[in-house]
Amino acid sequence: MKNDQAKKYGMVIDLDKCTGCGACMVACMAENNIPFKEDESNKLDSITWMRVYQLTNGKPYPETDICYIPRPCMHCEGDHGHSPCVSVCPATATDYSQKTGIVSQIYTRCFGCRYCMAACPYHARYFNWWDPVWPNGMEKFLNPSVSPRMRGVVEKCSFCFHRHQLAMNKAFVEGRRELEENEYQTSCAQACPSGAIAFGDLNNPKHTVNQLAQPDNAHGGQPKNPEVFRLLEKLGTNPKVYYVSSREWVRRAGDNYLKNENPGKAH
Amino acid sequence: MFPFNFEWIWDMSHLVFMGGLWFALNILGLGMTYCIIKAAIDTSKGKGGEHS
Amino acid sequence: MDSALIPKGVNRCPLSELILKLGPVVAVLLWGVVAMFMCWIKGLNQTNMNDSYGFALWIWADLTVIALGGGAFFTGLLRYIIGKDKLKNIINFAVLIGFICYSSALLILAIDIGQPLRGWFIFWHANVHSMLTEVAFCLTCYFMVLTIEYLPLILENRQIDRLPFFHNLSHNMHEIMAVFAATGAFLSFFHQGSLGGVAGVLFGRPFAFREGIFIWPWTFFLFTWSAAACGPCFTIMLLKITERITRKKLVKDDVVDLLAKIAGWMLTTYIIAKIIDTWYWAMVTAPSLGFELTDFYSNNPFYGMWILILEIVVCGIIPSIILISKKGRSNPVSFMTAVVLAVLGACVNRWAMVLQVMAAPVLTFEGWPMYYPSWQEVATTLLPVAYGIILVALSYRYLPVFPQEVELNPVESEDQGGKAKKAALSGAEVSPARA
Ligand code: SF4
Ligand code: SF4
């Protein structure tokens with residue numbers, strides 16, 4: 001068995017199922033040793049790799065509708081791995097893996113210039129303005145597979161890459177080179193009580209994500225499923241996180257349109 | 001920066017970019033070395049000073 | 001007290017007066033140093049930057065001083081490569097200003113990065129595809145060039161020049177200065193451009209993103225061009241301020257006029273290019289990404305449409321018209337206005353290309369975040385200004401920065417009128433311009 005087919009790990013989030021409970025955010029914080037402050041109310045300087053935004057259609061009752069939209073790092077592929085953030089990092093501290101499609105972040109090499117944050121239109125990158133301070137005794141409960149970060153570096157969602165490593169290690173020991181779909185799942189996908197988050201290899205037709213999004217690799221991974229969209233599709237960031245919604249206004253909120261632009265373009 | 005750094009690849013971008021860098025650094029380094037050595041020689045020949 | 005160090009044939013205020021006058025400047029400098037150490041010791045939480053404003057006041061200051069410091073490379077280019085010999089009378093000052101600007105830029109960068117001790121990673125682990133890598137490399141190299149260009153001036157201090165070795169060294173350096181200047185021009189072209197590229201390549205940020213040729217977005221060329229246009233204006237502006245403070249004419253009008261005229265033409269061509277670029281971006285690039293021009297400006301008084309008008313019309317078209325007309329240049333008031341406006345134009349442009357890039361929302365469900373600098377940021381930004389004033393004052397006092405000063409301000413002191421004249425003449429001969 002050889003592991004020659006490149007993977008493209010990605011996510012499909014069903015916004016019709018998401019209730020905005022925030023379990024994914026909590027699971028992510030715990031899994032990835034994400035530092036927090038005593039007062040987390042200022043969202044501009046607190047770290048949330050997975051962040052749930054609230055959207056409304058802005059209409060009065062009874063047509064009011066809201067939607068919650070969880071936003072991890074999109075692991076943008078850009079044009080052949082030319083993701084917005086990877087190409088700009090001067091110290092090669094963030095990289096696009098052609099093997100897994102995951103955008104990595106090397107904390108010990110990042111020197112905190114924050115250029116990648118300027119480059120990311122999704123605000124998926126966070127800067128450590130402080131050194132992490134854990135409540136008494138919490139160090140004992142940190143995840144040993146994830147290194148905590150020091151102040152002055154940038155961090156972001158890694159698609160729980162350490163889980164990929166652990167799963168690969170196990171598979172190797174068992175003489176396999178391929179992972180089953182359920183062997184590598186992100187923490188948020190597993191935590192979501194309504195099963196809104198699907199995770200897997202977008203290149204593998206057997207995986208749920210592929211079936212849901214039906215990415216068209218010939219056209220920069222654009223979804224063939226008309227109910228699926230990606231955030232800021234027009235920018236050419238080529239994200240690997242797809243969203244599903246049956247609601248037209250939600251799909252339209254995913255991108256910017258000119259005032260007189262044909263709404264049909266929003267799928 | 002150096003070929004032994006592990007992110008180094010022998011491709012066009014590295015050759016052009018790093019070539020430019022090392023070229024500039026060499027001009028500056030050699031230029032200054034030339035000036036200093038020549039100044040030392042001139043001085044030993046007794047040139048310069050208050051009334052030159 | 002320090003008369004032995006002061007160049008021959010010029011008049012300087014007593015040392016005590018200088019110290020007294022520089023007192024407040026030193027206070028500002030110390031304030032900045034305190035803030036700088038706070039940032040290094042406690043980290044960047046001392047600033048008001050946040051995850052939306054990863055780049056803020058500092059990066060703006062950085063881009064601006066580099067643009068304005070561009071006077072050094074452009075004047076050097078004109079003087080040594082193109083052969084505008086007249087400019088030898090202002091080149092020292094341009095180099096001094098450039099040296100201050102670039103050393104400040106490097107200092108600000110050292111404070112701005114989150115892990116200053118890892119700053120060398122940008123060289124060691126260089127990603128050759130990043131515009132910032134190019135900036136860092138060229139910036140450092142060009143700073144070396146400026147040091148090399150400034151060094152002979154220091155060596156020409158009366159006391160240092162007496163030592164034969166240093167005298168010869170400075171002589172030799174002058175001899176091959178064209179080589180250094182050419183290297184400097186080459187490096188400047190790239191790092192000024194790359195600074196524009198820093199914003200231009202951000203294809204995730206439609207406000208900043210520009211198309212271009214090969215790997216270079218249009219902002220690459222616009223930034224180099226505007227630095228060549230506004231840099232000399234900054235040199236002239238500071239020259240006029242220095243003249244005002246010292247109450248002396250330091251450079252002849254024809255020299256300033258020549259530099260201003262060239263800067264004027266650079267500014268004119270720049271602003272035409274900038275208008276074309278803005279028009280194309282507003283009409284083609286941004287709409288293709290789903291944005292209308294007004295999306296980038298409305299909603300927020302800080303980043304209103306006025307910023308575009310200020311930059312292009314008030315600080316672009318007006319000064320260029322003044323600077324290319326002989327009449328505009330010969331009237332001191334309109335001349336000064338034009339020079340100041342051009343400098344302001346560079347500042348506004350860099351402001352928009354840093355702060356507004358961060359502020360303009362891209363996701364449809366996000367708003368315009370606000371930012372105002374903390375005192376630590378302001379203090380560390382003023383630090384280079386204070387340092388610059390001190391360095392200019394000391395250089396002016398002890399080094400022959402202005403070759404024409406002696407001629408323009410003959411010292412008519414009671415006891416040694418004739419001697420001073422003689423000194424004036426010989427002073428002019430050993431001026432740095434001889435190379
Ligand atoms: S979402 Fe942002 S951080 Fe993640 S890959 Fe895309 S540009 Fe980079
Ligand atoms: S902040 Fe770190 S990861 Fe981001 S561009 Fe700078 S060095 Fe690279």
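These numbers come from a predicted model, not from an experiment. Each chain gets a letter, A, B and so on, in the order its sequence line appears, and its residues count up from 1.
Within the model, atoms CG of C/N127 and OH of A/Y115 stand 10.5 Å from one another, a figure rounded to the nearest 0.5 Å. Here the NE2-OG1 distance, from C/H125 to A/T92, works out to 7.5 Å after rounding to the nearest 0.5 Å.
Options C/G43, C/G114, C/A199 differ in how many heavy-atom pairs under 4.5 Å they form with chain A, and the most are formed by C/G114. Between chain A and the options C/Q46, C/M49, C/H129, the largest number of non-hydrogen pairs under 4.5 Å is found for C/M49. Your options are A/R109, A/M117, A/H123, and the one with the most heavy-atom pairs under 4.5 Å with chain C is A/R109. When the candidates A/L44, A/T56, A/N42 are compared by the number of heavy-atom contacts under 4.5 Å with chain C, A/L44 comes out ahead. With chain C as the partner, the residue from A/C116, A/A91, A/S83 showing the most heavy-atom pairs under 4.5 Å is A/A91. Note on C/V357, C/V354, C/V201, C/V198: by heavy-atom pairs under 4.5 Å with chain A, the leading option is C/V198. Highest contact tally toward chain C, considering only A/I47, A/D45, A/V88, is held by A/V88 [criterion: heavy-atom pairs under 4.5 Å]. Of the listed residues (C/N45, C/L202, C/T133, C/V135), the greatest number of heavy-atom pairs within a distance under 4.5 Å of chain A belongs to C/N45. Note on A/C89, A/G152, A/P90: by heavy-atom pairs under 4.5 Å with chain C, the leading option is A/P90.
Applying the 6.0 Å contact sphere to NZ of C/K42 captures no more than 12 heavy atoms from other residues, nucleotides or ligands. When the shell of 6.0 Å around OH of C/Y372 is examined, it contains 12 or fewer heavy atoms from other residues, nucleotides or ligands. Atom CH2 of C/W279 has 12 or fewer heavy atoms from other residues, nucleotides or ligands within 6.0 Å.
A heavy-atom distance below 4.5 Å is found between the side chains of C/R118 and A/V153. Contact of the C/E366 side chain with the A/Y53 side chain is registered, since non-hydrogen atoms from C-beta on lie closer than 4.5 Å. Here the side chains of A/L232 and C/V362 are in contact, with some heavy-atom distance below 4.5 Å. At least one side-chain heavy atom of A/M150 sits less than 4.5 Å from a side-chain heavy atom of C/Q115. No side-chain heavy atom of A/F127 sits less than 4.5 Å from a side-chain heavy atom of C/N50. No side-chain heavy atom of C/F365 sits less than 4.5 Å from a side-chain heavy atom of A/Q54. Side chains of C/T364 and A/N256 form a contact here, defined as non-hydrogen atoms less than 4.5 Å apart.
Closest approach of A/A118 and C/M358 over heavy atoms only: CB-CE, 3.2 Å.
At a 4.5 Å heavy-atom cutoff, A/C85 makes no contact with chain C through either its backbone or its side chain. Of the atoms belonging to C/S288, it is backbone heavy atoms, and not side-chain ones, that fall under 4.5 Å from chain A. The contact between A/V86 and chain C is made entirely by backbone atoms, counting heavy-atom distances below 4.5 Å.
C/D51 and A/W129 form a side-chain donor-acceptor contact under 3.5 Å, judged by distance and modelled atom types alone.
The residues A/R114 and C/D112 are annotated as salt-bridged, a charged nitrogen and a carboxylate oxygen being separated by less than 4.0 angstrom.
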Decide yes or no on side chain to side chain contact (heavy atoms under 4.5 Å, CB included) for A/C113 and C/L132, but give the supporting numbers first. CA-CA 9 Å; A/C113 68; C/L132 210 55; 3.9 Å; yes

Take A/F111 and C/F121 through the ring pair (Phe, Tyr, Trp, His ring centres under 6.0 Å) test and state the conclusion after the steps. CA-CA 7 Å; A/F111 65 93; C/F121 284 13; 7.2 Å; no

